[in-house]
Amino acid sequence: MDDVKHLRNLNDAQLAAVTFVPTTPLQILAGPGSGKTKTLICRIAHLISHHKIHPSRIVAVTFTNKAANELRNRLDGLIGKAEASSVVLGTFHAICARLLRQHGSEINLPRNFSICDADEVKKIINGILKDMVAAAGLHGSNKRIEVRDSVAVEYISKAKSKGLSPDDLETKAQRDIASKESLPKGEADPQFMLQVSSIYAEYMKVCKNNNALDFDDLLTYGVKLLQTKPSCIDYEHVFVDEFQDTNTTQLQLMKHFAARHGNVSIVGDPDQSIYGWRSAEIENLTRMIKLFPGTKQVFLEDNYRSTGAILAASLAIISEDTTRPPKTLRTSHPYGVTVTIGNCADEHEEAVCIAEEIKRLKLISGGLLKWSDFAILLRFNALSRNLETALQKMGIPNRILSGQKFFERVEVKDLLAYLQLIDNPNFDPAALRVLNVPKRNIGNKSVEELRKRASKTGKPVMHTVEKIVDGRIPDISPPLRSKAREFIQTMRDLRQKAIKGISVASLIRELLMQLDYAEHLKKTQPDWESRWENVRELITFATESSTAQVSSQSNSVQDDDSSSTDAADVTRATTTASLLKEDKQAGLVDGDLWEDTSPLPGEDSSLSDELESTNPLRVFLETTSLSTDVVANDEDAENEKVIISTCHAAKGLEWPVVFIPSVERGTYPFYRSEDTEEERRLLYVACTRAQVLLYLTHAARRKLGGDSKEAELSEFLTVVMKKNKNLFTSNKPILGHKEFSLLSKVLGRPAPEATAVQQGVQEYYKVQATSTAPAANTGGVLPQPAPNGYSQGQSTNRTFKFKNMSTEQTQHSQGAMPAVFTTARSVVGSLPPVQITPSNKVSKPIAAPSTQTLQTMWATTSTTVSRVNPTIGSGYTPGNASVASVSSHHQIRAGTAASARPSHAAVASSQPIQAPRGQFSFSSAASSLSQPSTSSSTSQTASSSEPPAKVAGTKRRLGMSARGPEFPRKK
DNA sequence: GTATTCACCATTTTT
DNA sequence: TGGTGAATAC
């Protein structure tokens, strides 16, 4: 009824996309921050309210669960929960899993299939490799198996992503061997691929026997299902988000989803294609046009996220990709604050600098910035260690996004394995995992013996164990009959309970009791307390997800022990468990629960009927295996934290302030990466997450793994800096009320009070000043005062010197432009000072200079595709005009820079070594490279108040405890 | 056969 | 840094 709500606040291009005729396939090609999710949601709303398409006949596919949730929430807000909830929404994997549960029987897939995670896949492959090696030895074959498990996993996954079967691989390998022509580079050795293909074939067999699918199988079986029985779905419109990240199989799926009506809308951006390593293919954009003739394109080129400075720098970086069809992005926001490239001595210093800068910005922003406004984006997770330590040490609350995944923690996995086994006794990886958990004196050797035996007979491991326990087949060499008896009894009992429909939470509790799992944790894990927390978290999750999924089935059993303390819980669980064991002996279910359950395709009925597809346990297991997200804990606590995330996981998100550490060769591009351009895009994605402030940092030395190596700035930046020095500065920006007011507009927030900013500034300098004194750690305004002498005795030089304080405070109070900077002796030479240039012109293109016209953008598709409404997003003419305005922009900036230069130079010459205040110690760090002796003396002055060694020790201890042995505990 | 210790290793991104 | 595998002790 509200026909226009979803059309409000859209720009021309967005509006065109939203209201574009639904029967024509549409590509919405959109740069970062251009509102593509908004456009997608509004288009869905428009289809429902204007075109009267029933929400249940719309499917929207996202790339991550997080994106799916966000889409769901925003859709709820726009069209109401009632309607939004019927839209079919999820990742390709989740949607396929759902379909396969419902209709899998069409392709002989039992409903209770398990989903293998990466670990389990690897274990299966490992088993296969062992068997193959053994077999090769048996036949006296001298063919060695030289394929490593991880490599096999990778190639099998790649094959599946392309929809290739083991036969396909073998055929190709044989052909390549026969042809004797040299292969195109990048192609794997055919002999090797031959081995892979046979491993692949065996793997498929094992999966079938295990009644298990891996992630890729979900997609390939989905395709198979839809080929076999297209009628099991009937979607009137198909949406795919992040289309540039789809692989071949996913494109096939999309085709099948849309088979009936041919109505597709996709959203994507080739510049943000960062999943090539996962077989994503940008070519799908052109393939789609072939699959869906008449496809039109709409371009969203207005960036609403970032300042001009951030956008200009990001575009300059991405424009170095020569293979990229040039395209533009413009912002209505002011130019803002120049992007900082910080140079540090090493990774410790880098972490501390970032932490300090976060603290400073929060403090001096007059309330504009919260902790949760900051993000640190990493190329890989291992980079987070120093940052975590530094943040912890400074009392900055932080959270790692997508680091250690909840469902991958050992204790959680143990329990999940039991649950999987209850649901699907054929699932060997789970069986092998828990046979000796808790310790039943069934050691690795026995487990391996069982695996071999089962593998030989083609029966599931559980089946074999059960028969041994029942005395129907001979025991293995170290007898395990008695040892496994209790295990089998437990499984039988729990399975009965599951069939009766006991809630998952109760099932887990029952399981814990019967296993006395708390006791097991206590014995085996030094940090059992925090692990027990995770167990409880799992119960909570089960409770929540069951109430969310099946609202009708209320859980009678509630988690009444959740209010008591850990220790009490554990004690009680332990006691109760032993009590329950007695119980169990009385009401023991004996019988052959697994006896006739060999639900291999063909005869799947007995089992699947017992546990029907809506069974809460199965729903729960599916959620846990498909959700790689960290379980959302109490959200209030999460909200106020600095986020540490990988660049990949950060896609689609935005933060006011973004730090990107380790922008060095070897990290960007990552040294093992094959696709340099993808790495560049990754950096681009990371940069474009930032709204108002962006910091890229690099270190002169970095310790990766074992030893500390020299590092240098990423070529992605050096190339750009050579061309345009004005895009970056090496200094921390000095910000006052005027600047924060400007930035607040970009963020769409109220400007901070002038007095608040000033207070923050003063407080900041006060803290800085006191913290230079040795005994400053007395608390105060900051959670933890800046630890002096953090540099812990290494020759690395950290300067927390804030000279000329009064001068700078004056500047701040006046909102003056910063004028005091030294020249950073960074790799590329001197950089211009920071500047803040409010732009008075709106919608000025900040395109990287390009001589190509807009019409040739997305060149791969422009010939076959007509562009929707060429006037969309006009207001400037691309091509020459664009270039012209860019250069004039630069002229303006050059002028400003020039005017700031005198003082800049003056300071630089008067204080060549000591870093000015408000500055990263980059410049001094850099100078330490060229003048080691001088700088080390500086460092001594800076930290002479504390014995370096002691500080180092403190830090180490702090760091470790702060991290938590492995799993950070919730408090 | 299992537990413990020690040395060595390599170290991405995610459904 | 920690996770894994091999050698050693129990």
Side-chain angles (χ1 to χ4, degrees), chain A residues 61-68 90-97 115-118 121 126 148 150 153-154 157 160-161 213-219 222 242 245-247 249-250 273-280 347 377-386 388-389 401-405 407-408 410 436 439-449 476-480 483 523-524 622-630 645-651 662 666-675 678-679 681-683 685-686 702-709 956 959-960 963 965-966:
Chain A
V61 190
T62 60
F63 204 63
T64 62
N65 293 303
K66 207 192 301 158
T91 60
F92 275 113
H93 297 86
I95 292 174
C96 283
I115 299 170
C116 293
D117 66 17
V121 170
N126 248 317
R148 279 216 326 258
S150 55
V153 170
E154 189 190 329
S157 172
K160 287 181 178 176
S161 303
L213 306 189
D214 64 25
F215 284 123
D216 301 307
D217 287 334
L218 290 173
L219 307 181
E242 305 282 16
D245 288 330
T246 53
N247 63 35
T249 305
Q250 288 164 332
S273 161
I274 53 175
Y275 283 97
W277 53 274
R278 228 174 81 184
S279 309
E347 71 279 359
L377 304 185
L378 314 172
R379 178 61 186 79
F380 50 93
N381 279 312
L383 285 172
S384 71
R385 264 177 218 140
N386 298 303
E388 279 175 80
T389 315
L401 214 66
S402 158
Q404 237 292 348
K405 277 154 207 148
F407 295 117
E408 283 173 18
V410 248
N436 202 28
K439 294 271 184 299
R440 298 188 177 96
N441 286 334
I442 307 173
N444 288 340
K445 201 156 185 180
S446 303
V447 171
E448 173 60 15
E449 185 59 35
I476 60 169
S477 62
L480 59 75
K483 297 181 209 157
K523 273 193 210 142
T524 56
E622 191 159 305
T623 318
T624 55
S625 37
L626 291 182
S627 149
T628 54
D629 292 351
V630 181
S645 167
T646 62
C647 298
H648 283 89
K651 190 158 78 148
S662 192
T667 306
Y668 297 92
F670 190 67
Y671 70 102
R672 317 185 39 167
S673 167
E674 291 154 19
D675 186 346
E678 180 157 309
E679 297 289 306
R681 293 193 292 269
L682 187 59
L683 184 60
V685 167
R702 183 174 303 275
K703 197 163 119 191
L704 279 176
D707 44 8
S708 174
K709 286 194 193 109
R956 175 150 293 184
M960 282 172 66
R963 268 202 106 223
E966 193 166 353

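Note on naming: letters A, B, ... go to the chains in the order of the sequence lines (proteins, then strands), and numbering restarts at 1 for each one.
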- Query: To the nearest angstrom, how far is A:F63 atom CZ from B:dT13 atom C1'?
  - Reply: 11 Å

Within the sub-3.5 Å range, which N or O atoms of nucleotides 1-4 of chain B have a protein N or O partner, and how far apart are they?
| residue | atom | partner | partner atom | Å |
| --- | --- | --- | --- | --- |
| B:dG1 | OP2 | A:K445 | NZ | 3.3 |
| B:dT2 | OP1 | A:N441 | O | 3.1 |
| B:dT2 | OP1 | A:G443 | N | 2.6 |

- Task: Under the ring pair (Phe, Tyr, Trp, His ring centres under 6.0 Å) rule, collect the residues that match up with A:F670, sequence neighbours excluded.
- Result: A:F380

- Scan A:F92 against the nucleic acid and name what it touches under 4.0 Å (heavy atoms): base, sugar-phosphate only, or nothing. nothing

- Round to a whole Å and report the spacing from NZ of A:K651 to C1' of B:dT15. 13 Å

- Query: Just wondering, do A:W277 and B:dT13 stack (centres under 5.5 Å, planes under 30°)?
  - Reply: yes

- Item | Electrostatic pair A:R681:A:E678 at N-O distance under 4.0 angstrom | yes

- Task: Name all residues meeting the side-chain contact (heavy atoms from CB on, under 4.5 Å) criterion together with A:S662; count only those two or more places apart in sequence or in a different chain, and write none if there are none.
- Result: A:L383, A:E664, A:T667, A:R702

- Give the rounded distance in Å between these two atoms: CD of A:E678 and C1' of B:dT14. 12 Å

- On a whole-Å scale, what distance lies between the P atoms belonging to B:dT12 and C:dG5? 16 Å

- Item | Side chain A:D214, main chain A:C116, donor-acceptor under 3.5 Å | no

- Query: Start at the 5' end of DNA chain B and walk down; is the nucleotide closest to A:R672 or to A:H93 reached first?
  - Reply: A:R672

- Item | Pairing residues for A:E347 by the salt bridge (Lys or Arg N to Asp or Glu O under 4.0 Å) criterion, not counting sequence neighbours | none

- Between atom NZ in A:K709 and atom P in C:dT1, what is the gap in whole Å? 18 Å

- Item | Nucleotide B:dT15, atom P - distance to CG of A:L213 in whole Å | 18 Å

- Message: Distance criterion of 3.5 Å, no angle test: do you see the side chain of A:R379 paired donor-to-acceptor with the base of B:dT12?
- Response: yes

- Compare the aromatic ring of A:F215 with the six-membered base ring of B:dT15 and state whether they stack according to the 5.5 Å and 30° rule. yes

- Atom pair distance, as rounded to whole Å: CG in A:L378 and P in B:dT13: 9 Å

- Under the side-chain contact (heavy atoms from CB on, under 4.5 Å) test, which residues partner A:D117, sequence neighbours left out? A:D119, A:E120, A:K413

- Item | Under 4.0 angstrom between A:T646 side-chain N/O and B:dT12 OP1 or OP2 | no

- Query: Expressed in angstrom and rounded to an integer, what is the separation of A:R385 atom CZ from B:dA10 atom C1'?
  - Reply: 12 Å

- Between P of B:dT15 and CG of A:D117, the distance in whole Å: 13 Å

- Which sits closer to the 5' end of DNA chain B, A:E674 or A:T91, going by the nucleotide each is nearest to? A:E674

- Query: If you measure from the P atom in C:dT4 to the same atom in B:dT13, how many Å do you get, rounded?
  - Reply: 16 Å

- Message: Using the ring pair (Phe, Tyr, Trp, His ring centres under 6.0 Å) criterion, which residues pair with A:F63? Sequence neighbours excluded.
- Response: A:Y275

